[in-house]
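Owing to the predicted nature of the structure, the values given are computational and were not obtained by experimental measurement. Heads up: numbering here begins at 1 and tracks the sequence. Just so you know, these numbers use all the heavy atoms, side chains as well, and skip hydrogens, waters and symmetry mates.
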Amino acid sequence: MNKRANAFDWVVFGCLAVVTVGLAVNAGNADFTYPDASRHAADGVFVLDAAAELPIDHPLEWAGRYYLTSPAIGIGRYPPLFAAVQAPFYAALGVCPLAGRLAVALVWLGGLVFFYETLRRGFGQPAAAFAAAVLAAGPASVRWGGEVMLELPATAFLLVAAFLYKRYVDEGAHRLLTWCVIFIGLAGWVKQPAILLAVPIAVHLLVRKRSLRVFAREMWPGFVALVILTVPLAALSARFGRANVMLVAGAARQYGFFDAGNWLYYPARVASHYLGWPCTVFLVVGLVWALIRKVRADALLWALWAGVFYLFFSIVGYKSARLAMFWTPALAYFAGAAFAWLTAEGRRRQVVLVAVAAVIAVGWTFVHNVQRLPAFSGQSRRAAELALAERPKRILYSGERNGTFIFRVRQIAGRKRPTVVRASKVFFVDAIQKEIARTVRPWTTQEIKDEVAKIAPDVVVVEGRKKAAWQPDAIVPFLDYVQTANFELVGRARATGNPRPDIYVYRYLGPRRPGAMEIPMPGVGVQLDLPPEGR
């Protein structure tokens, strides 16, 4: 097979670039629409600021002070590799959501190109193009393609590893296997579960070689490299990833281990969350092909790929649809296999019909998923502008979108930004804390008043004036207190294009009894001391 890129390959690259970069550009500099996205975006800013300030002598102390002004970073719970990838984008484009989104888009584009090239070697160009398009147009890819989430970049690293492994199988060069395992290790440094791909690679290699001696001889350099990459990652996760450790231990299990819902959760969402209904038809045909052909060597690898990730997330019991993004390339592979099978020996009319059906399936899936994207707005940016207009030294923020607000404060105010205190760290619990079973203590309005006086904020920013369904009961006395004479409304960021509540910005006029406070960080298992004064 010709390995040089021709016009068809460049057309495929152009289409994938339009989809991936287009999603990032479509979201642009609008607010993030998912809480974790703001954390991952802020991690890149953290690396950028660390590179500027070089806190070599006291890195942990510097990081603690940094968190007090930007309490929306996730480094520690999440590995730092993709944050390092984002930093040059922020340096070139400025700190803004688009820079983080473009980092995701370009890394994901690279992964899709490697996926196409991997399948092109086995299926030919049309089937490989279809499989790559299925992966790029799927619900999960479209939903997270316009956000700064780690699943797509981590999967992109795995697709590079798959390409290297395919070349190793075809050419036999041991260095390719070593680089394959290295990229798996790097994927783990983007998001930890990605490192599981080492298991299907090892099993597939053992099946191919049919000899433990040969397997050990060819695998040991990669194994050493994987250990070198994994040991510090495990140490970092154990030290600062308490939430992850508890999740793996079953702290957020939603189903019993033997419940049918536990084992059917991810398979039941293949059509709705990963491939879309039309492309799932191709997946089913591809699985039939694999059974009829008694599973070729390549198909075995992708079947093991899907199986390992499915088993891990089902055994752990933590359910989040985006996590199964890691196994979606295997599903797209079998969809591509169906295309190759149906067009391999068919007549011209059959080939045309299959090709037309494939184009319609991908096109409908992509358009449908784009239409389902949440509305993007600049509400949090407007709230940050209103708050910073008061020239505060300390801001108290209450609301689900605290991470996006904090990112906006850094974007507007730069490195000399005010301290931001998240109400969810003091009065309530957020989603991460719920996952690790942190409970909410009951608060009276007077206790809320005393605690706010201790925080001594200059500005208080609140999402909505009524308790929302997702909020704990503890927010009721807080909202009651905010609507007293101790607070003066100075601005309102209205929600546009989405059902979210307006964001209210208040000047705090109440009593001030500044005192040192302990800010718990249960997700990373540490606690920070907030000094009596602002930054």
Side-chain angles (χ1 to χ4, degrees), residues 31-51 59-60 62-87 89-90 95 97 99-101 103-104 107 144 147-154 187-194 232-248 251-252 318 320 322-323 325 380 397 399-411 417 420-422 424-425 429-436 438 519-528:
D31 292 341
F32 302 107
T33 63
Y34 193 78
D36 282 357
S38 61
R39 271 74 175 165
H40 302 319
D43 286 348
V45 183
F46 173 86
V47 173
L48 177 71
D49 291 344
L60 292 181
W62 180 87
R65 291 199 308 271
Y66 190 96
Y67 184 86
L68 292 177
T69 59
S70 296
I73 56 176
I75 280 187
R77 183 184 184 189
Y78 301 105
L81 179 56
F82 189 68
V85 172
Q86 289 182 84
F89 286 82
Y90 289 129
V95 175
R101 287 171 168 137
V104 172
V107 172
W144 306 122
E147 294 288 1
V148 184
M149 298 293 287
L150 300 182
E151 284 75 16
L152 294 186
W189 275 92
V190 177
K191 192 159 188 178
Q192 296 94 328
L233 176 61
L236 180 70
S237 299
R239 176 65 180 86
F240 297 110
R242 180 186 172 199
N244 292 332
V245 174
M246 294 184 70
L247 290 179
V248 172
Y318 179 58
S320 178
R322 72 181 190 277
L323 292 176
M325 184 66 216
S380 292
Y397 189 94
E400 186 180 24
R401 287 164 288 173
N402 50 63
T404 300
F405 174 83
I406 293 165
F407 183 92
R408 293 299 198 180
V409 168
R410 169 61 182 83
Q411 177 185 357
R417 58 206 175 279
V420 180
V421 179
R422 288 166 50 190
S424 61
K425 292 294 184 184
V429 296
D430 56 19
I432 293 175
Q433 298 175 72
K434 287 180 181 177
E435 289 172 358
I436 60 176
R438 183 185 172 199
I519 303 296
M521 298 175 61
V524 294
V526 299
Q527 187 167 272
L528 298 177

Report yes if the side chains of [X] and [Y] come closer than 4.5 Å at any heavy-atom pair, otherwise no.
X	Y	result
D43	R77	no
W189	L236	yes
P153	K191	no
D31	F407	no
V45	Y66	yes
M325	W144	no
Y397	P71	no
I75	V47	yes

Provide the closest heavy-atom pair for [X] versus [Y] in the form atom of the first, atom of the second, distance.
X	Y	value
V190	P79	O-CD, 3.7 Å
R417	S70	NE-OG, 2.8 Å
V148	G100	CG2-C, 3.6 Å
A72	A42	O-CB, 3.9 Å
P97	Q411	CD-OE1, 3.8 Å
A194	G188	CB-N, 4.1 Å

Can you tell me how far apart [atom1] ([X]) and [atom2] ([Y]) are? Round to the nearest 0.5 Å.
X	Y	atom1	atom2	result
R39	L150	CZ	CG	13.0 Å
W62	D49	CH2	CG	5.5 Å
R410	F405	CZ	CZ	14.5 Å
R422	I406	CZ	CD1	6.0 Å
T33	E147	OG1	CD	3.5 Å

Between Y78 and H40, ring centroids under 6.0 Å: yes

When F32 is tested against each of R101, M149, R401 for side chain to side chain contact (heavy atoms under 4.5 Å, CB included), which residue passes? R101

Distance under 6.0 Å and angle within 45° of the ring axis: does R65 meet both against F46? no

